[in-house]
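Heads up: the structure comes next, in C-alpha cells.
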Amino acid sequence: MTELPKAYDPATVEPELYKDWDGAGLFHAEPDDDGEPFSIVIPPPNVTGSLHVGHALDNTIQDVLVRRERMRGRNAVWIPGTDHAGIATQNVVERLLAAEGTDRHTLGREAFIERVWQFRAASGGTILTQLRELGASADWRREVFTFDEVRSRAVREVFVALYEQGLIYRGNRLINWCPRCETALSDIEVEHKDVDGQLTRFIYPFVDGERDATGQAAGDAPVGMEVATTRPETMLGDTAIAVHPDDERWAAAVGRHVRHPFQDRTFAVIADDYVDPEFGSGAVKITPAHDPNDHAMAERHDLEIIDIFDETAVTTDVVGERFAGLDRFEARKRVVQALEEEGLLVGVETHRHSVGHCSRCDTVVEPRLSLQWFVSMRPLAERAAQAVRDGAVEFVPQSSTKPFLDWLDNLHDWCISRQIWWGHRIPAWYGPDGEIRVCREDIDEPGWLQDDDVLDTWFSSQLWPFSVFGWPDDTPELSTWFPTSTLVTGYDINTFWVSRMVMISLWFTDKAPFKVVHNHGLVRDEHGKKMSKSFGNVIDPLDLIHTYGADATRFALLRSAAPGTDVPLAEEWVEGTKRFANKLWNAGRFALANLDGRRPGALPAVADLSIEDRWILSRLERMHANVDAAYDAYDWPVVARNLYHFVWDEFADWYLEAIKIRVYGDDPAAADVARSVLAYVLDRVLRLLHPFMPFVTEALWRALTGATGGTDSLMVADWPAPDSRLADADIERDFDVLKGLVTEVNRFRSLNGIAPSARFDVKVTSARAELLTEHGGLVATLARLSSVDVVLALEDAPGRSTIMFGGGQAQVDLRDLIDIGAEIDRLDREIARIDAELAKVAGKLSNESFVARAPEDVVARERARHAELNATREELEARRTSLGAIDD
RNA sequence: GGGCGCGUAGCUCAGUGGGAGAGCGCUGCCUUCACACGGCAGAGGCCAGAGGUUCGAUACCUCUCGCGCCCACCA
C-alpha cells in the first residue's frame, strides 16, 4: 500500500498521471480496435487562442463523454484540432505588424501569409497544451488543422462540386461590408446592437417647373417631399422617393420629381407596397447602394444605383466636391449641417434602433454592393431541416431545436468570399478573355489569374466532422467514426457552425454529421454576468487548474452546467469542489489504512452483512442508477449532486463512521466483511466519478487495487453494471431510523450545551423498539453514548420518541420512521386505479341490456366484484385519512 | 416585431400535486485516532403578485409585474 499524503495535492498528482496515460497510448484509438465506435470531434478553437473558461467547460464535457464511453468498452476517439480562423487570425497578426510599424500591404501577400504561418508555429499549440492540463483525453496523434493539406483538399472538393452543381455562384449583390477589415461578411458575422441614433427629417424640394406643370395651386401644394432617415449621409446616393400606393396624402406626388439639393440631378417619387405609411411622413428616401430594402426596391423599379463609398466607407467623387473624401460619420454631420443651411432640415430627434457591427472588430457594418461568391442555401437547408424533423439529429436540450429550424427556414444565400489573405483561396481562375474556371487543380497557364479572395473560415469548419477523417478519401477512420456520436458546443454557434455542418454533411455524405448536439450554456460570473476584461470578472481556467487542480475545476464547471442554461462560476466555488476532492482523498486514505491489504472483489453473503453495509450498498445502487440516467441525459449537475452527496453525506459521514466498530473491533470475521464492502463501494464510486474527476480517482484507484498504471489504469477499467438486487427500501428506512436517533441525540447535546465528549445513557421510547434494541450498540457508538436503552414501544404514536437524560427528558420527533408522504402517494395511486375499475364495472351494471340479457351468474359475478372493489376502496381511504392526520 | 427562458434562504441554484431543500456565506460548540480543505448543531424563506383547477398548489392553467437571452432589412 502506498503512503498517501494527508491532504490531496493535485499539482503533484495530475501531471504525472497524465503523462502516464498518454505514454501508454490510452488516448489513442484505431479504427479496428474492439468495441462499437464512438467519436467526438472538438469544436476547433482558433489557432491563436488560449484556453478560456468556455473552452474549459466545452472540453470537459467532451472528455466526460469520451472517458465514460471508453470505460464502457466502446472504440472511443476524440479528435483534437484547431481552426485557422481567417479574419480573427489575420487581425491578430495585423496588430503585431502595426506594433512593428508596418502593415500587410507593405509586406505583400506572400510574405504576410508566411508571417501568419510563423505566428501559428510559435503560438498555435498553446491551447491544445492547455487542454492537456485540463485532463483532456483527446487522441493527440490525430491532431488536425482546418488549413492543413488534407482539410484544404476537402475544401477544394466541396467548393468545386457545389459550383458544378450550380449551388455556388458569383454575383454582384448587396452584402455586409466591414470598412475596417475591408472585407465582406456573412449575415451571421454581423452583430446587431440597439443604439441611440438620430432620426433626421428633411425635405426634397419638387422640381419647380414640374410643380407648375401639374397645375396645382401654388399655395396648398407641398413644396417638396419630407423624408426621415437614421443615415442622412446616404441621401448623397438617393435615387428615388417611395410612398405607399394607397397613401392618399401622397397620391398626387407619385410620378413627380424632386431635385437633389447638393447634386445636379433629379429623381422620381414612386409607389411601393414596402413603404409603411405610419412611419414618419409616409415617404421614404431610397438609397439602392446602401440599404438592402432600398436595393430590392431598385430592382423592382429599375432605379439608378449610386455607390457613394469606397472600401473604407469614405465618400468618393460621385457625391460631388462638397462632400467627397469624407468618412461616413463626418459626411453625416456635414449633410445635416448643409440641409439646415439650405432650409430643408425639418428636425432631428433621437431614435433607438438596431445597428449591425462587425463581430470581429465591432466596426459598424456598411451594406455594400459588390461582386462576391455565394452559396445557394435553400436546397441544403431543406435537407437539414428534414433531418432534424426526422430525428436524425437530436438536440439536448430539445429547446434548441425550434430556433434552429426557424433559422434554417429563413436562410439567405451565404456570402463566402472574403477580401482577406489568410484562408483557403477561392479555386476560381479568370482567363485572358474573361472566362472563369473553377477546378480541383491549380491552373498554371499564362494569362490565367486566381481569384484574390479567400473563403469564409466557416466554409472549412463546416466540413470538420468528415474532413478530420480524411474525406473525400474513403479512409478506415471515416467509415468507422463518421458520422460522429455527439457534438458538444455552446448554443451560440448553432447557426454559425452546427447548421452548416448538418447541411453540408447531408449534401455530401447523405448522413447527418452527428446524432446528438449537446448544447451547454455560456460560462458567466457568479452573478450571471458575462465575463469580460472591461468588467474585470474574467476567470482564467489555468489559474484555477494550478490553484485547485483540474479535477476541482472540471467538477465546479459541470455541477453548474445544466443543458442549455448558462453556467455561473466563481473562484470560491472551485475552492469548494477542491474540498470535495480532498474529502474523497481522505475517505480513500482511511479505507486504505484499514483495508489491511484487501482489494475490491465479490461481496460477502447478504446474511453476513451488517445493517450499515446493506444500507450503503442500497444507497450506492440508487446513486448508481441516478448517475447512469443523468449521464445519459447529459444532466451534469445531477450526476455531480448524486456523487457529491453520496461520497460526502453517506459514505464518509455515516458509513465510514459506522464500520469503525468492526474495523477497530476484535472480531476478525466481522472486520473482514466490513473491509470487503468498503473496498467494493470505494471501487464503484471511483469508477463512476472518474469521468468528472479523472486524476484523484485514478490515484486512489491505483492505491486501492494495486494497479500498476499504464494500460492497468482506471481510465480503461470497466464501467460498473448496476446491481438492482442491492437496492432495499426497507433497509434504507431502518437505517434512517437509526440515523434519526443519532441526530436527535446530537441535537439534544448541542441545545443543552453538553460536551461532545460527555458520555451518558439514554432511554428511548419508540415504535421501532425492536430495531433500536438490535442496533443500540451502533447508535451508541455513532452518538457517543454509553448506552441506549429502549424502554417502550409506543405503537399508537409512531414517529414519537422520548430521550431521557439524567433527571430531564426531551420529546423528539422521529417522523422518518415511516415515510408517510410516499405511502399516501402509493395509496392515492391505488385508489385511482380502483376508481377506474369501478367505473368500468358500474358502467356494465347500469347498462340495462347487459343486466337483462347476460347469464345470471355473470351479472352476479360483476355485482360481487363491484362490492368487493367498493370495500377495498373504503379500506384504503380509511388508511389514507389516518395517515393524513399524522402527516399534519 | 417574433421566439424562448427565468423569478424558491444573504448569494448561486435544485426540487416535487401532500414534510420547503443543497452548496457557499452567517452563528454556536468541538484539535473525537481519514480529513480543521474537518465534525456536530443552529439561524434564515407569505417558493414574485393576483385569479382559477383540486380535498390539497411552490409545483398544473390564465393574467399581471420584474429580469434575461436569441432571432428580425421597417426608413
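Within every chain, numbering begins at 1; the chains are lettered A, B, ... in the order of the sequence lines, protein sequences first and strands thereafter. Below, all heavy atoms of this structure are taken into account, side chains as well, without hydrogens, waters or symmetry copies.
Comparing A:Y664 and A:R579 along RNA chain B, the residue whose closest nucleotide (by nearest heavy atom) sits nearer the 5' end is A:Y664.
Between A:T489 and A:N519, the closest side-chain pair of non-hydrogen atoms falls below 4.5 Å. Side chains of A:F267 and A:L303 form no contact here, defined as non-hydrogen atoms less than 4.5 Å apart.
Rounded to the nearest 0.5 Å, atoms CD1 (A:I175) and NE2 (A:H412) are 15.0 Å apart.
At a cut-off of 3.5 angstrom, the base of B:A75 holds no donor-acceptor pair with the side chain of A:E278.
Under the rule for a ring pair (Phe, Tyr, Trp, His ring centres under 6.0 Å), the partners of A:F695 that lie at least two apart in sequence or sit in another chain are A:W21. Partners of A:W585 according to the ring pair (Phe, Tyr, Trp, His ring centres under 6.0 Å) rule, which considers only residues two or more places apart in sequence or in another chain, are A:Y8. Scanning for side-chain hydrogen bond (donor to acceptor under 3.5 Å, both in side chains) contacts around A:E657 gives A:K660, with sequence neighbours left out.
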Task: Dot-bracket pairing map - RNA chain B, Watson-Crick plus G-U, both contacts under 3.5 Å, | cross-strand - done: (((((((..((((....[..)))).(((((.......))))).....(((((..]....))))))))))))....

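Side-chain proximity of A:K578 to the nucleotides B:G3, B:A34, B:C37 is greatest for B:C37.
In this structure, A:R173 satisfies the cation-pi test against A:F374, with its NZ or CZ atom closer than 6.0 Å to the six-membered ring centre and inside 45 degrees of the ring normal.
Side-chain contact check for A:E189 and A:S186: at least one donor-acceptor pair (N or O, by modelled atom type) lies under 3.5 Å. A donor-acceptor pair shorter than 3.5 Å cannot be found between the side chains of A:Y204 and A:E226. Remark: the A:T547 side chain and the A:K578 side chain contain no N/O donor-acceptor pair separated by less than 3.5 Å.
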Identify the pairs formed between an N or O of the protein and an N or O of nucleotides 10-16 of chain B at a distance under 3.5 Å, and give each distance.
residue, atom, partner, partner atom, Å
B:A14, O2', A:R641, NE, 3.4
B:A14, O2', A:R641, NH1, 3.3
B:A14, O2', A:R641, NH2, 2.6

Could you go through nucleotides 41-44 of chain B and list every protein N or O atom that sits under 3.5 Å from one of its N or O atoms, giving the distance for each pair?
residue, atom, partner, partner atom, Å
B:A41, O2', A:S750, OG, 3.0
B:G42, OP1, A:R747, NE, 2.5

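The side chain of A:K6 contributes an N or O atom lying less than 4.0 Å from OP1 or OP2 of B:A36.
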